[in-house]
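What follows is a short report on a single structure.
Only a predicted model underlies this, so the values are computations on that prediction, with no experimental measurement involved. Sequence lines set the chain letters: A, B, ... in the order given, protein chains first and strands last, and positions in each chain run from 1.
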Number of protein chains: 2
Amino acid sequence: MSPRHIRHTESGCLAAREVLKLVGDKWSVLVVSLLGEGPLRFTELKRSIEGISQRMLTLTLRGLERDGLVTRTVFPTIPPRVDYALTPLGQTLQEPVRALSAWAETHREEIQAARDRFDGKDAKKRTARGAARQ
Amino acid sequence: MSPRHIRHTESGCLAAREVLKLVGDKWSVLVVSLLGEGPLRFTELKRSIEGISQRMLTLTLRGLERDGLVTRTVFPTIPPRVDYALTPLGQTLQEPVRALSAWAETHREEIQAARDRFDGKDAKKRTARGAARQ
DNA sequence: CTGTATCCACGTCGATACTG
DNA sequence: CAGTATCGACGTGGATACAG
């Protein structure tokens with residue numbers, strides 16, 4: 001795994017990879033997006049996302065905290081209360097992410113059409129070879 | 001898996017998720033970026049990326065082709081020759097992706113600092129509890 | 001309430017070998 | 001040259017149970 005082959009600055013591309021991976025994460029972007037509208041408690045996040053497990057929410061938040069994108073504030077009360085909020089850095093991430101989401105929304109139908117076309121041709125090929133599956 | 005909980009339009013968020021996943025993919029963005037400078041053959045791509053296996057390059061290209069981001073042109077010669085190129089749709093994707101990469105580059109050091117801080121505190125906590133690992 | 005720990009199913013990826 | 005097929009290792013995510 002020599003990272004020498006990647007164009008331009010090596011560290012820049014490694015950073016890009018990591019951020020891209022973060023963005024590709026199943027929950028991170030959603031959490032950041034929710035916190036973009038204000039701080040939330042653990043349970044509030046869990047309820048807002050609803051498909052997420054406790055484990056995954058914890059892991060996601062830890063990762064975001066580690067990267068300096070969210071802050072974790074513990075109130076040592078009983079029962080305990082923990083607030084999560086976006087850092088300034090986390091807020092700046094929202095802009096490029098929103099740009100990407102906008103792109104997705106804009107080209108959603110175009111992509112879907114391409115997929116249908118591709119899958120259609122693929123099905124034809126398979127049936128032509130006599131092995132119609134499904 | 002009821003997709004009812006996601007905010008705003010359901011299809012929009014599903015589309016965003018899929019694009020985010022595509023962007024988070026280990027190779028897709030790299031391939032799109034390379035094709036952004038002009039069409040390339042299969043082997044040229046393979047050599048340019050170098051860390052990628054034949055299998056992964058094939059799968060990546062099929063996925064991009066399916067989504068209508070790249071075209072696959074076969075020249076029925078011997079030996080065979082296949083050119084891959086970005087579609088107009090694929091080209092438009094480059095802009096938001098570059099914005100995200102720029103964000104990564106800009107905040108690279110900031111993120112690294114946050115990680116060091118976090119990992120440092122984590123290590124301290126662990127040693128304080130008497131279980132210094134590593 | 002806010003986690004942590006454990007287990008397991010699943011998908012993804014790489015290595016390798018083979019084909020047209 | 002440009003793939004496809006197969007296999008095994010690995011990481012990721014969900015369910016569940018338990019703890020502070």
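One atom, CE of A/M56, and another, P of D/dT16, lie 15 Å apart when rounded to the nearest Å. Nucleotide C/dT2 holds its C1' atom 12 Å from the NZ atom of A/K46, rounded to whole Å. With rounding to whole Å, A/L57 atom CG is found 10 Å from C/dT2 atom C1'. The distance from atom CG of B/L59 to atom C1' of D/dA5 is 12 Å, rounded to the nearest whole Å. Remark: P of C/dT2 and CD1 of A/I52 are 14 Å apart, rounded to the nearest angstrom. The distance between atom CG of A/D25 and atom P of D/dG14, rounded to the nearest whole Å, is 10 Å.
Residue B/W27 places none of its side-chain N or O atoms closer than 4.0 Å to OP1 or OP2 of C/dT12. Distances shorter than 4.0 Å separate none of the side-chain N or O atoms of B/K26 from OP1 or OP2 on D/dG11.
Taking CG of B/L14 as the start and CZ of A/R108 as the end, the distance is 9.0 Å to the nearest 0.5 Å.
Using a 4.5 Å heavy-atom threshold, the side chains of B/P96 and B/L100 count as separate. Inter-residue side-chain proximity for B/L69 and B/L22 is flagged as met; some heavy-atom pair is nearer than 4.5 Å.
For CD of A/Q91, the number of neighbouring non-hydrogen atoms (other residues, nucleotides, ligands) closer than 6.0 Å is greater than 12. Atom CD of A/E44 is surrounded by more than 12 heavy atoms from other residues, nucleotides or ligands within 6.0 Å.
Although no hydrogens or angles enter the test, the distance criterion places no donor-acceptor pair under 3.5 Å between the side chain of B/E110 and the main chain of B/H107.
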Please tabulate, one pair per line, each protein N/O and nucleotide N/O from nucleotides 1-4 of chain D that are separated by under 3.5 Å, including the distance.
| unit_1 | atom_1 | unit_2 | atom_2 | d |
| --- | --- | --- | --- | --- |
| D/dC1 | O3' | B/R41 | NH2 | 3.0 |
| D/dC1 | O3' | B/P80 | O | 3.3 |
| D/dA2 | OP1 | B/R41 | NE | 3.1 |
| D/dA2 | OP1 | B/R41 | NH2 | 3.1 |
| D/dA2 | OP1 | B/V82 | N | 3.3 |
| D/dA2 | OP2 | B/T43 | N | 3.0 |
| D/dA2 | OP2 | B/T43 | OG1 | 2.1 |
| D/dG3 | OP1 | B/R62 | NH2 | 3.3 |
| D/dG3 | OP1 | B/R72 | NE | 3.2 |
| D/dG3 | OP1 | B/R72 | NH2 | 2.4 |
| D/dG3 | OP2 | B/Y84 | OH | 2.6 |
| D/dG3 | N7 | B/Q54 | OE1 | 2.8 |
| D/dG3 | N7 | B/Q54 | NE2 | 3.3 |
| D/dG3 | O6 | B/Q54 | OE1 | 3.1 |

